[in-house]
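Counting convention: from 1, in listed order, for ligands and their atoms alike.
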Amino acid sequence: MIMKKIGILGGTFDPVHAGHIRVAEEAMQALALDEVIFMVSGTPHYKVGMRKVSSKEDRLAMTELAIKDHPAFSVSDLECRREGNTYTADTLQELKKQMPENEYYLLIGADAFFHMIHWYRIEAVMANAIVAVVMRGKELNSEQAASVQKELIDKYGGMVVSFEMKPMEVSSTEVREKIRTGGDVHGLVTEDVEAYIQKRSLYREV
Ligand code: ATP
């Protein structure tokens with residue numbers, strides 16, 4: 001069987017935006033990946049902050065629309081199909097079980113990386129994927145990153161790599177806020193995603 005290098009970009013994707021696409025593209029280049037899977041998280045039963053997260057069906061549909069012109073990108077509903085809480089450790093273990101020949105790269109922002117040591121079953125994360133830390137400039141603190149990396153590898157083994165990308169200042173929060181207040185989201189989400197948001201009347205309320 002042929003070994004593939006596959007990036008995993010996990011997120012709520014509520015909605016998927018140009019920053020997500022950019023990370024996936026930059027990771028492909030920097031890490032010489034064959035594919036990137038957009039791993040859409042399940043819908044929490046509780047509200048996140050003040051707001052209700054959009055349904056998994058809507059978030060999956062928008063992510064499919066956003067990547068349709070990228071042959072190396074795909075969307076997974078693995079976490080959406082799982083009952084209860086979803087943990088990255090379980091997801092990576094499942095992927096590795098299905099396709100043991102592949103090498104998985106968990107794409108993760110520097111901010112989240114600094115907290116990884118506290119993750120649920122971090123040993124399973126380290127055993128089943130290479131951690132690929134996305135450095136977006138502003139949070140660049142190589143000393144801190146090096147010490148977290150050392151602690152992780154000393155305790156659990158595995159591998160950590162990092163790459164730098166030009167930051168793209170956009171978030172799902174900003175897109176939702178713009179939609180709600182009638183602002184322009186051109187360039188922040190694809191036209192198909194914008195049309196989907198309109199059709200389904202998403203993000204009209206806080
Ligand atoms: P929200 O604003 O609702 O918190 P978000 O824009 O951060 O959402 P998520 O779905 O939580 O979107 O993000 C999924 C992953 O993409 C996370 O690892 C996050 O760090 C990363 N990401 C989000 N926006 C950007 C961006 N502009 N540039 C690079 N990475 C990003």
Side-chain angles (χ1 to χ4, degrees), residues 6-31 33 36-44 46-67 70 73-80 86-89 91-92 104-116 119 125 129-141 145 148 160-181 183 185 187-190 193-194 196-197 202-206:
I6 301 183
I8 306 293
L9 181 64
T12 319
F13 302 116
D14 194 16
V16 60
H17 56 64
H20 297 133
I21 303 294
R22 172 78 74 80
V23 184
E25 285 171 347
E26 299 248 354
M28 285 230 15
Q29 273 238 317
L31 307 169
L33 303 178
V36 174
I37 299 176
F38 287 61
M39 185 61 66
V40 178
S41 69
T43 310
Y46 50 88
K47 287 188 177 182
V48 175
M50 287 298 287
R51 87 187 184 91
K52 213 165 170 284
V53 173
S54 304
S55 72
K56 56 193 177 192
E57 288 78 14
D58 282 334
R59 293 180 294 112
L60 284 167
M62 288 188 283
T63 312
E64 290 281 6
L65 286 171
I67 61 145
H70 296 258
F73 295 173
S74 64
V75 179
S76 173
D77 64 355
L78 194 145
E79 292 193 352
C80 289
T86 59
Y87 292 103
T88 306
T91 303
L92 293 173
Y104 293 99
Y105 285 75
L106 180 67
L107 308 178
I108 179 165
D111 42 348
F113 174 65
F114 292 141
H115 297 112
M116 257 188 107
W119 280 17
V125 175
I130 294 166
V131 176
V133 187
V134 187
M135 297 290 203
R136 283 200 261 163
K138 65 171 191 273
E139 71 270 90
L140 201 86
N141 179 339
V148 175
V160 176
V161 297
S162 67
F163 67 96
E164 275 179 55
M165 65 172 275
K166 265 204 260 95
M168 178 159 188
E169 291 309 330
V170 50
S171 67
S172 298
T173 305
E174 180 192 346
V175 174
R176 292 192 301 269
E177 188 60 19
K178 284 218 157 107
I179 302 272
R180 193 177 63 79
T181 56
V185 292
L188 300 183
V189 298
T190 67
V193 171
E194 190 177 349
Y196 187 96
I197 292 170
L202 301 179
Y203 315 126
R204 295 281 172 80
E205 286 155 31
V206 185

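Ligand 1 places these atoms under 4.0 Å from at least one heavy atom of G11: 10 (O), 14 (C). The ligand atoms of ligand 1 that sit less than 4.0 angstrom from a heavy atom of S172 are 1 (P), 2 (O), 3 (O), 5 (P), 6 (O), 8 (O), 12 (O). Atoms of ligand 1 found under 4.0 Å from any heavy atom of S171 (numbered from 1 in listed order, with element): 2 (O), 6 (O). Heavy-atom proximity to F13, at under 4.0 Å, picks out these atoms of ligand 1: 10 (O). Ligand 1 places these atoms under 4.0 Å from at least one heavy atom of V170: 24 (N), 26 (C), 27 (N).
When all heavy atoms of D14 and S172 are compared, the pair lying nearest together is O-CB, 3.5 Å. Residues M135 and A145 come closest through the heavy atom pair CE-CB, 3.8 Å.
Taking a 4.0 Å cut-off on heavy atoms, H17 registers as neighbouring ligand 1. For D14, the heavy-atom gap to ligand 1 stays at 4.0 angstrom or more. For the ligand labelled ligand 1, residue G10 lies inside the 4.0 Å heavy-atom shell.
Within a 4.0 Å radius of atom 15 (C) of ligand 1, the protein contributes at least one heavy atom. Put simply, atom 30 (N) of ligand 1 has protein non-hydrogen atoms near it, under 4.0 Å away.
The single protein non-hydrogen atom nearest to atom 4 (O) of ligand 1 is T173 OG1, 3.9 Å, given as residue, atom name and distance. Nearest protein neighbour of atom 3 (O) of ligand 1, counting heavy atoms only, is R176 NH1, 3.1 Å. Protein heavy atom closest to atom 9 (P) of ligand 1, with residue, atom name and distance, is H20 NE2, 3.6 Å.
In this structure, the side chains of V134 and F113 stay at 4.5 Å or more apart for every pair of heavy atoms. At least one side-chain heavy atom of H70 sits under 4.5 Å from a side-chain heavy atom of I21. Within the 4.5 Å cutoff, the side chain of M116 has no heavy atoms near those of the V148 side chain. Within the 4.5 Å cutoff, side-chain heavy atoms of M62 are placed close to those of I197. Side-chain atoms of F73 and E25, non-hydrogen and from C-beta on, do get closer than 4.5 Å to each other.
Using cut-offs of 30° and 60° on the angle between ring planes, the pair H20 and F13 is perpendicular.
Comparing M168, E174, R136 against atom 25 (C) of ligand 1, the shortest heavy-atom distance belongs to R136.
The pair E177-R180 meets the salt-bridge criterion, with a side-chain N (NZ, NE, NH1 or NH2) lying under 4.0 Å from an Asp/Glu carboxylate O.
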